[in-house]
Participant: 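Dropping the structure in here first, questions after.
Side chains included, hydrogens not; waters and symmetry mates left out as well; all remaining heavy atoms used.
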Amino acid sequence: MEQQLKTLTARLLAQRVVPRSDALARKALLDDIFRQELDKRLADVGLRLVENPYAEYIAVALLPEMTEPVFGSGEAWLNNNLGLPRDGVALLVILWALIILPKRERQIARVEAGRENQSDMFGAQKPLETGEGVSTGVSEDALYADFGKALGGRTRFNANLGRLVNLGFVVRRNKWLDEGPMLDLMIDYSQLAPRIIEGALSEVLTQRREQAAGALADKTASAIALAVAQPAVTDDGSSLFASPEDEADDTSASAQEEDR
């Protein structure tokens, strides 16, 4: 076990990420004794293992109590440990919201569907699907069209996107951006998701609801106006609503009958 611990620790530091499907990674996730020893060794140097069941990789990050000694020791507090400027961090958050949020919804939906269809009460729980099966990317051109100007223009956009690719947050293929190994690991879903869903996205969703309600009201008003303008007709061809001319004709006909 000693050699396995050394190997996995060294790989995490040298390669930055290790796939969950790797034998040593699986041992760290399933073997309690191995995990406790791994956590102890990482904690001795101010690190911790980062993993979640929705991500395809595992990695290491600083312990919370080491954040200030490491990033607050200079002249100014660093807002991140990756050297990203503010517009680079904004681009990272946008990519996370466009890729990870839909991915997480699909993963949770498939888990719930599996529970509903599971007939065996003690059946083995299937592992969560990860990778391309549930994660879809975004078009680089569409991303720039929506956010490029707000993020500093084409030069700044390309520079920050290149940084995110080098850091492993996204994978860039033929103007298409896919999830990188770090994107679902290095950002805390439980903290960021509510801020996006209840904050920025709530305004967009509210606007869409208002627009939908307005469109429904317009359609209803149009339908009522059309019904008034074009009275319904019975099977024998007579209108259900008498026009003023019809009422006048009926009155003159009644008067003629009385004269007779």
Participant: Going by heavy atoms in the side chains, are Phe34 and Leu8 under 4.5 Å from each other?
Facilitator: yes

Participant: How long is the gap from CG on Leu29 to CG on Leu49, to the nearest 0.5 Å?
Facilitator: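 Output value for this atom pair is 7.0 Å.
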
Participant: Minimum heavy-atom separation for Lys103 and Glu179, please, with both atom names.
Facilitator: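 Scanning both residues completely, I find the closest heavy atoms to be NZ-OE2, 3.0 Å.
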
Participant: For Leu177 and Arg172, which heavy atoms make the closest approach, and how far apart are they?
Facilitator: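 Looking at all heavy atoms of both residues, the closest pair is CD2-CG, 3.7 Å.
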
Participant: Determine, stepwise, if the pair Leu95 / Leu161 fulfils side chain to side chain contact (heavy atoms under 4.5 Å, CB included).
Facilitator: CA-CA 10 Å; Leu95 285 167; Leu161 191 57; 4.2 Å; yes

Participant: List the atom of Ala25, the atom of Pro19, and the distance in Å for their closest heavy-atom pair.
Facilitator: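 Heavy atoms only, the tightest pair is CB-O, 3.2 Å.
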
Participant: Between the side chain of Tyr57 and the main-chain N/O of Met182, is any donor-acceptor distance below 3.5 Å?
Facilitator: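 Not at all, since once roles are kept as given, no pair shorter than 3.5 Å links the two residues.
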
Participant: Measure the shortest side-chain to side-chain distance between Val171 and Trp176 over non-hydrogen atoms and say whether it is less than 4.5 angstrom.
Facilitator: no

Participant: When rounded to the nearest 0.5 angstrom, what is the spacing between CG in Asp44 and CG in Asp39?
Facilitator: 11.0 Å

Participant: On a heavy-atom basis, which atom in Leu12 and which in Ala59 lie closest, and how many Å separate them?
Facilitator: CD2-CA, 4.0 Å

Participant: If you measure from the Lys or Arg side-chain nitrogens to the Asp or Glu carboxylate oxygens, is any gap between Arg35 and Asp31 under 4.0 Å?
Facilitator: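 Salt bridge flag = no for Asp31 with Arg35.
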
Participant: Atom CZ in Arg26, atom CD1 in Ile58: separation rounded to 0.5 Å?
Facilitator: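 Here the rounded value is 11.5 Å.
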
Participant: Grab the two heavy atoms, one from Leu185 and one from Ala55, that are nearest each other, plus how far apart they are.
Facilitator: CD2-CB, 3.8 Å

Participant: Would you say the side chain of Leu5 lies within less than 4.5 Å of the side chain of Leu24, judging by non-hydrogen atoms?
Facilitator: no

Participant: Taking the side chain as everything from C-beta on, heavy atoms only, tell me whether Leu92 gets closer than 4.5 Å to Phe169.
Facilitator: yes

Participant: Output, in order, the C-alpha distance, side-chain angles, deciding distance and verdict of side chain to side chain contact (heavy atoms under 4.5 Å, CB included) for Leu143 and Leu91.
Facilitator: CA-CA 10 Å; Leu143 183 67; Leu91 178 59; 3.9 Å; yes

Participant: Go through Glu37 and Ile33 one step at a time and tell me if the side chain to side chain contact (heavy atoms under 4.5 Å, CB included) criterion holds.
Facilitator: CA-CA 6 Å; Glu37 185 61 29; Ile33 298 176; 5.9 Å; no

Participant: Report yes if the side chains of Leu151 and Arg156 come closer than 4.5 Å at any heavy-atom pair, otherwise no.
Facilitator: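 Result no, sub-4.5 Å side-chain heavy-atom pair not found.
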
Participant: I'd like to check Ile94 versus Asp146 (side-chain heavy atoms, cut-off strictly below 4.5 Å). Are they in contact?
Facilitator: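 No, every pair of side-chain atoms sits at 4.5 Å or beyond.
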
Participant: Return the minimal non-hydrogen interatomic distance between Leu38 and Ala28, and the atom names on each side.
Facilitator: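 Taking Leu38 first and Ala28 second, the nearest heavy atoms are CD2-CB, 3.8 Å.
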
Participant: For Arg48, is there an ion pair with Glu65 - N to carboxylate O distance below 4.0 angstrom?
Facilitator: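 Salt bridge absent between Glu65 and Arg48.
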
Participant: Between Asn160 and Arg163, do the side chains contain a donor N or O and an acceptor N or O under 3.5 Å apart?
Facilitator: yes

Participant: Taking side chain as C-beta onward, heavy atoms only, is Phe157 less than 4.5 Å from Glu140?
Facilitator: yes

Participant: Okay, side chain of Asn52, backbone of Asp184: is any donor-acceptor separation there less than 3.5 Å?
Facilitator: yes

Participant: Do Glu56 and Val17 touch side chain to side chain, with heavy atoms closer than 4.5 Å?
Facilitator: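 Side-chain contact under 4.5 Å: no.
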
Participant: Under 3.5 Å, side chain of Arg20 to main-chain N/O of Tyr54, donor-acceptor pair present?
Facilitator: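 Absent.
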
Participant: Checking side chain to side chain contact (heavy atoms under 4.5 Å, CB included) between Leu47 and each of Leu13, Thr9, Leu63, which is the one that passes?
Facilitator: Leu13

